[in-house]
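In what follows, a single structure is set out as structure tokens and then discussed.
In this text, all values refer to a predicted model and were calculated from it rather than measured experimentally.
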Amino acid sequence: MSEVKLTAETRTEFGKGAARRIRRDNKVPGVLYGHGSDPLHLTFPGHDLLLALRTPNVLISLDIDGKTQELAIPKAVQRDPLKGFLEHVDLQLVQRGEKVTVEIPVHTEGELAPGGNLLEHVLNALPVETEATHIPEAVTVSVEGLAAGASVLAKDIELPKGTTLAVEEDAVVLQVLAAQAEEAAEGEGAEGGEGSAEA
């Protein structure tokens, strides 16, 4: 897993007005917390941060005010709901060798059994515990030949070395639904809707 280097500046201004001024300068306000230390309020370069966050659970090497070096992972990212730009980011301090709990994306490969079945992602991301500096980017699950009624449980997913589940082993991650059952359910919903409109 690669590290992304980012510069950050401590900030002393808070509130919505200050946040707007920071964003006008193409920067993003954020907070760094963890390990029992006081939260550190920071400002990040907007474009560099946006690029870094394209990788899920990216490991960020922070240079704070040119004085302090810290390692962190993103914990919460707020975006503008309409325009999608970054509004605020929370980062969690980590140390080399430390275990952290994160959610990693679940990717699928292969074709379902014939018959127009639908694959439902019950969990889009799998909660795992892993070393902070070796967070897997994703896990890939084969759905080749799975028929309606089949499901993939958390314990069925092969995890990289040093990574363990942080969710019940029997948690359903993926399930295959029969297409006609979906259509019937939609039809019933539509009829119910019409009936209630007439009443």
What do the steps show when you test Asp63 against Leu6 for side-chain contact (heavy atoms from CB on, under 4.5 Å), and what is the final call? CA-CA 6 Å; Asp63 179 332; Leu6 276 186; over 6 Å; no
Show me the donor-acceptor pairs within less than 3.5 Å that the side chains of residues 163-176 make with the rest of the protein, sequence neighbours left out.
unit_1 : atom_1 : unit_2 : atom_2 : d
Thr163 : OG1    : Thr130 : OG1    : 3.0
Asp170 : OD1    : Lys155 : NZ     : 3.3
Gln175 : NE2    : Glu120 : OE1    : 2.7

When rounded to the nearest 0.5 Å, the distance separating CG of Leu93 from CD of Glu98 is 8.5 Å
Separation between CD (Glu129) and CD1 (Ile135), nearest 0.5 Å, reads 11.5 Å
For residues 36-43, which side-chain N or O atoms pair as donor and acceptor with protein atoms under 3.5 Å away, sequence neighbours left out?
unit_1 : atom_1 : unit_2 : atom_2 : d
Ser37  : OG     : Gly34  : O      : 2.7

Is there a donor-acceptor pair closer than 3.5 Å between any side-chain N or O of Asp48 and the backbone N or O of Pro45? no
Yes or no on side-chain contact (heavy atoms from CB on, under 4.5 Å) for Ile60 and Ile73, after CA distance, side-chain angles and deciding distance? CA-CA 6 Å; Ile60 299 172; Ile73 56 173; over 6 Å; no
Hey, mind stepping through Val128 and Leu159 against side-chain contact (heavy atoms from CB on, under 4.5 Å) and telling me if it holds? CA-CA 9 Å; Val128 297; Leu159 297 175; 4.2 Å; yes
Provide the closest heavy-atom pair for Gly30 versus His88 in the form atom of the first, atom of the second, distance. CA-NE2, 3.8 Å
Do Leu119 and Leu126 belong to the same hydrophobic cluster, where Ile, Leu, Val, Met, Phe, Trp and Tyr are linked whenever their side-chain heavy atoms lie under 4.5 Å apart, directly or via other members? yes
Identify, with sequence neighbours excluded, every residue that meets salt bridge (Lys or Arg N to Asp or Glu O under 4.0 Å) alongside Glu9. Lys27
Might you point out which heavy atoms bring Val139 and Pro160 nearest each other, and give the distance in Å? CG1-CD, 4.5 Å
Could you pull out the closest heavy-atom pair between Leu123 and Val106, with the gap in Å? O-CG2, 4.2 Å
Output, in order, the C-alpha distance, side-chain angles, deciding distance and verdict of side chain to side chain donor-acceptor pair (under 3.5 Å) for Thr133 and Glu131. CA-CA 6 Å; Thr133 51; Glu131 198 177 311; 3.2 Å; yes
Using modelled atom types only, decide if a donor and an acceptor are shared between the side chain of Asp65 and the backbone of Thr10 within a distance under 3.5 Å. yes
Between Ala178 and Asn117, the two heavy atoms sitting closest are CA-OD1, 3.7 Å
Counterpart residues, side chain to side chain contact (heavy atoms under 4.5 Å, CB included), relative to Glu87 (two or more places apart): Arg23, Gln78, Asp80, Phe85
Would you say Val58 and Pro74 make side-chain contact, with heavy atoms under 4.5 Å? yes
For Arg96, what residues pass the salt bridge (Lys or Arg N to Asp or Glu O under 4.0 Å) criterion, not counting sequence neighbours? Glu3
Would you say Val31 ends up clustered with Leu53 if hydrophobic residues are merged whenever their side chains have heavy atoms under 4.5 Å apart, either directly or through other cluster members? no
Check for me, please, whether Leu153 and Ile104 land in the same ILVMFWY cluster - side-chain distances under 4.5 Å, paths through other members count. no
From Glu158 atom CD to Asp156 atom CG, the distance as rounded to the nearest 0.5 Å: 11.5 Å
Residues passing the side chain to side chain contact (heavy atoms under 4.5 Å, CB included) test with Asn26, sequence neighbours excluded, are none
Can you check side-chain contact (heavy atoms from CB on, under 4.5 Å) on Thr55 and Val4, steps first, answer last? CA-CA 10 Å; Thr55 304; Val4 174; 5.9 Å; no
Does Lys5 have more than 12 heavy atoms from other residues, nucleotides or ligands lying within 6.0 Å of its NZ? no
Verify the cluster assignment for Tyr33 and Phe44: are they in a single hydrophobic cluster under the rule of side-chain heavy atoms below 4.5 Å apart? no
Are more than 12 heavy atoms, taken from residues, nucleotides or ligands other than His47, located less than 6.0 Å from that residue's NE2 atom? no
Can you establish whether the number of heavy atoms outside Glu111 located under 6.0 Å from its atom CD is more than 12? no
One should read off an interatomic distance between Gln95 CD and Leu71 CG, to the nearest 0.5 angstrom, of 9.0 Å
